*Asks:* 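Here's a structure for you.
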Amino acid sequence: MNHTPPEGFSFEITSQASGTHARTGLLETPHGTIETPHFIFCATKAAIKGLTMDQMRECGAEIILANTYHLFLNPGGPFVERQGGLHRMTDWHGPVLTDSGGFQIFSLGNGWVADEIKGKRQHGTERKLVEISEDGAHFISYIDGTRHYLTPETSIQTQIQLGADLIVVLDECSPYNVTRDYTARSMELSHRWEKRSLDAYHAMTNGKQVLYGIVQGGVYEDLRKESAGFVNEHPFFGQAIGGCLGGTREEMFEVIGRASRPLRKDRPTHLLGIGGVHDIWEGIHHGIDTFDCVHPTRIARHGGALIRPVEHGGKTHLNLRNACFKNDDQPLDERLPCKASREFSRAYIHYLLRAGEMLGIQLLIQHNVCFMMELMRSVRSSIRNDRIREEQSLWI
RNA sequence: GUGGCUGUAGCUCAGUUGGUUAGAGCAUCGGAUUGUGGUUCCGAGGGUCGCCGGUUCAAGUCCGGUUAGCCACC
């Protein structure tokens with residue numbers, strides 16, 4: 001089924017590399033057009049941790065992501081709506097994607113985050129924070145213990161209240177250590193939820209956003225094919241690869257292949273939650289147009305500066321807290337355009353981190369944002385010039 | 001001079017009526033982090049228990065001496 005997007009939205013493929021599915025494109029939204037492949041930075045709670053949106057723009061960021069689950073709990077969709085929507089509230093006037101909250105159903109329901117709570121609050125509080133039924137997911141708020149209910153309809157409603165340009169269906173993400181049967185049932189539930197998400201979208205949208213479907217099916221080739229078929233046949237603007245991607249990087253690449261191969265090629269394809277340098281060079285071959293990941297900003301908060309692995313024996317980042325940087329007067333990377341990368345010594349950043357000064361983390365976040373944008377520029381030009389291998393060898 | 005208190009990891013301290021290989025936090029060194037719960041999680045190194053002697057099968061722990069610091073009194 002084809003989908004005529006509202007005014008201001010389009011996706012156009014502008015070049016195609018040979019012998020691979022890698023392509024460049026233009027993803028148009030009413031808040032701006034981004035060149036793809038592109039990386040989306042995570043402003044989960046409607047803020048990039050540590051930076052203003054002006055600083056994000058200075059570092060070259062063009063699109064950000066916010067999370068429905070977190071904003072649903074606090075401060076709530078109606079609050080953001082009263083603030084004039086995410087764009088006005090955050091002073092980010094470029095494109096915004098919101099994730100649906102599906103991953104939180106997975107992570108909160110499987111003790112991934114619950115373990116952290118356990119660690120923080122001693123023991124005895126290991127109750128499940130999420131219970132899933134056909135209709136939706138019951139949550140116990142991690143913030144204050146109050147009960148909440150998220151359904152495909154309330155997720156879409158919330159995303160429309162938030163005012164994102166690109167919104168995503170609510171899905172259920174199955175864990176790794178489950179049977180094929182479990183994964184199949186979970187996928188079928190996701191498909192029913194996706195249909196309800198589409199209905200809710202058509203009933204509620206004000207024409208200011210477009211909807212992405214999600215491919216589920218875990219690591220199983222036949223389920224991925226079935227799920228891709230489902231997404232292909234429904235009138236989504238874009239499509240995202242979600243669900244369990246396996247246990248190792250090698251398996252993840254295989255699963256991305258299984259999920260992307262049967263997908264139609266005329267829609268923008270997003271890979272949810274993945275964003276390492278190796279992953280991006282691999283992902284583009286499968287026709288991935290957009291990536292999002294907390295890694296660049298999270299690793300910065302722990303003292304990590306992204307680097308080109310090929311120049312550092314395969315390491316993907318430097319831990320600036322390490323003692324070897326105490327007297328290292330080099331900048332992080334002189335080739336990058338931002339001041340954080342070229343005007344401050346590693347020794348100074350090392351000192352700031354050790355001294356507990358938040359500027360150290362802020363500089364690292366800026367550097368990592370610049371680094372990712374430089375990487376994506378390199379990726380795009382390599383596809384356009386049809387010399388991916390050569391360009392890739394400068395990175396990994 | 002007399003009396004009291006204290007002395008255990010780089011720092012601040014736990015250590016039961018004597019009982020395995022003396023612990024913690026911080027600090028140090030390193031690792032992790034992929035649809036974000038914001039100084040997180042994991043691991044490692046590091047001690048002649050001030051010093052000497054005694055009692056005991058066994059002493060960080062009990063006894064004597066000694067030394068250093070602090071406090072009080074003469």
Side-chain angles (χ1 to χ4, degrees), chain A residues 39-51 64-71 73-74 97-108 111-121 129 139-145 155 159 166-173 190 212 214-216 240-249 252-253 255-256 270-280 282-283 288 290-304 306 315-326 352-362 364-365 368 372:
Chain A
F39 184 85
I40 307 178
F41 292 95
C42 291
T44 300
K45 295 193 276 187
I48 299 288
K49 299 182 198 310
L51 299 189
I64 63 167
L65 172 154
N67 193 288
T68 302
Y69 172 76
H70 300 271
L71 297 175
L73 286 181
N74 183 41
L97 180 148
T98 43
D99 192 8
S100 63
F103 183 72
Q104 280 63 42
I105 293 175
F106 162 75
S107 62
L108 296 171
W112 190 59
V113 175
D115 283 346
E116 282 188 38
I117 294 170
K118 199 179 167 190
K120 276 182 183 173
R121 297 188 189 168
L129 292 177
F139 290 86
I140 296 166
S141 166
Y142 69 88
I143 299 167
D144 57 11
S155 175
Q159 294 185 71
L166 312 174
I167 69 175
V168 177
V169 296
L170 186 69
D171 63 333
E172 196 217 354
C173 181
S190 282
Y212 277 56
I214 298 185
V215 186
Q216 283 288 337
I241 296 172
C244 174
L245 298 176
T248 64
R249 168 167 282 158
M252 175 174 80
F253 292 156
V255 175
I256 292 170
H270 181 78
L271 179 57
L272 284 161
I274 300 298
V277 177
H278 295 88
D279 310 329
I280 284 173
E282 175 73 19
I288 303 298
T290 51
F291 302 81
D292 79 272
C293 194
V294 300
H295 195 248
T297 46
R298 174 186 284 165
I299 207 168
R301 292 199 302 282
H302 301 325
L306 293 173
K315 284 177 61 133
T316 57
H317 69 271
L318 303 176
N319 184 350
L320 268 290
R321 297 188 65 94
N322 287 1
C324 57
F325 297 109
K326 187 167 186 176
L352 289 174
L353 294 172
R354 294 294 191 115
E357 287 291 339
M358 63 180 101
L359 179 61
I361 287 169
Q362 291 175 336
L364 286 176
I365 294 171
N368 286 353
M372 292 305 293

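A quick note: this is a predicted structure, and the numbers were derived from the prediction, not measured. Proteins come first, then strands; the chains are lettered A, B, ... in the order of their sequence lines, and each starts at number 1.
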*Asks:* Looking only at atom types and distance, does a side-chain atom of A/Asp292 sit under 3.5 Å from a main-chain N or O of A/Phe41, one as donor and one as acceptor?
*Replies:* no

*Asks:* Need one value for A/Gly243: base, sugar-phosphate or nothing, where a base atom within 4.0 Å counts as base even if backbone is also close, heavy atoms only.
*Replies:* base

*Asks:* Counting any heavy atom closer than 4.0 Å, what does A/Asp171 reach on the DNA or RNA strands: base, sugar-phosphate only, or nothing?
*Replies:* base

*Asks:* Just compare B/C29, B/G31, B/G35 and give me whichever is closest to any side-chain atom of A/Gln216.
*Replies:* B/G35

*Asks:* Please state how far atom CG in A/Leu320 lies from atom P in B/U39, giving the value in whole angstrom units.
*Replies:* 19 Å

*Asks:* If each of A/Ile274 and A/Tyr69 is mapped to the nucleotide of RNA chain B with the nearest heavy atom, which maps nearer the 5' terminus, i.e. the 5' end?
*Replies:* A/Ile274

*Asks:* May I ask which nucleotide in the shown strands pairs with B/G43, Watson-Crick or G-U wobble, both distances under 3.5 Å?
*Replies:* B/C29

*Asks:* Do A/Arg354 and B/U39 share a donor-acceptor pair, side chain to base, under 3.5 Å?
*Replies:*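 By the distance-only test, no, there is no pair.
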
*Asks:* Between B/U40 atom P and A/Asn319 atom CG, what is the distance in whole Å?
*Replies:*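 Rounded to the whole Å, the gap is 13 Å.
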
*Asks:* With rounding to whole Å, what would you report as the distance between B/A22 and B/U2 at their C1' atoms?
*Replies:*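 Comparing C1' positions in B/A22 and B/U2 gives a spacing of 36 Å.
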
*Asks:* Kindly assign one of parallel, tilted or perpendicular to the pair A/His270 and A/Tyr212, based on the angle between their ring planes and the thresholds 30° and 60°.
*Replies:*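 Ring orientation, 0 to 90° scale: perpendicular.
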
*Asks:* Nearest whole Å is fine: how far is B/G35 P from A/Leu170 CG?
*Replies:* 17 Å

*Asks:* Between B/U34, B/U36, B/G35, which nucleotide gets closest to the side-chain atoms of A/Gln104?
*Replies:* B/U36

*Asks:* For a quick check of understanding: with a heavy-atom distance under 4.0 Å over all strands, which category does A/His270 fall into, base, sugar-phosphate or nothing?
*Replies:* nothing

*Asks:* Which base sits across from B/A24 as a Watson-Crick or G-U pair, both distances under 3.5 Å?
*Replies:* B/U12

*Asks:* Name the pairing partner of B/U2, where a pair is Watson-Crick or G-U wobble with both distances under 3.5 Å, or state none.
*Replies:*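 Base-paired to B/A72.
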
*Asks:* Can you see if the side chain of A/Asn67 gets near the phosphate of B/U36 - specifically, an N or O under 4.0 Å from OP1 or OP2?
*Replies:* yes

*Asks:* If we ignore hydrogens and angles and just use 3.5 Å, is the side chain of A/Arg321 paired with the main-chain N or O of A/Arg354 as donor and acceptor?
*Replies:*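 The answer is no, because no donor-acceptor pair under 3.5 Å joins these two groups.
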
*Asks:* In this structure, how many angstroms lie between the P atom of B/C29 and the CZ atom of A/Arg321, rounded?
*Replies:*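 Distance, rounded to whole Å: 9 Å.
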
*Asks:* Roughly, in whole Å, what's the span from CD1 in A/Ile365 to P in B/U36?
*Replies:*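 One finds 16 Å between P of B/U36 and CD1 of A/Ile365, rounded.
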
*Asks:* Starting at CZ of A/Phe325 and ending at C1' of B/G30, how long is that distance when rounded to a whole Å?
*Replies:*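 One finds 13 Å between C1' of B/G30 and CZ of A/Phe325, rounded.
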
*Asks:* Between A/Thr98 and A/Asn67, is there a donor-acceptor pair closer than 3.5 Å when you use the side chain of the first and the backbone of the second?
*Replies:*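 Not confirmed, A/Thr98 side chain does not pair with A/Asn67 backbone.
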
*Asks:* If you look at every strand shown and take non-hydrogen atoms under 4.0 Å, does A/Ile214 touch a base, only sugar-phosphate, or nothing?
*Replies:* base

*Asks:* Does the aromatic ring of A/His302 sit over the six-membered base ring of B/U40, closer than 5.5 Å centre to centre and tilted less than 30°?
*Replies:*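 Taking the rule of under 5.5 Å and under 30°, the ring of A/His302 does stack on B/U40.
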
*Asks:* Can you measure A/Arg298 atom CZ to B/G35 atom C1' for me and round it to whole angstrom units?
*Replies:*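 Spelled out: CZ on A/Arg298 to C1' on B/G35 is 11 Å.
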
*Asks:* With a non-hydrogen cut-off below 4.0 angstrom, is A/Asp279 in contact with a base, only sugar-phosphate, or nothing?
*Replies:* base

*Asks:* Roughly, in whole Å, what's the span from NZ in A/Lys49 to C1' in B/U33?
*Replies:*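 Atom-to-atom, A/Lys49 to B/U33, this comes out as 14 Å.
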
*Asks:* Indicate yes or no for a side-chain donor-acceptor contact from A/Asp99 to the backbone of A/Leu272 under 3.5 Å, with no hydrogens or angles considered.
*Replies:* no

*Asks:* With distance as the sole test, does A/Gln159 use its side chain to make a donor-acceptor pair with the main-chain N or O of A/Val168 at under 3.5 Å?
*Replies:* yes

*Asks:* Does the base of B/U36 carry an N or O that pairs as donor and acceptor with the side chain of A/Arg301 under 3.5 Å?
*Replies:*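 Flag set: donor-acceptor pair detected.
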
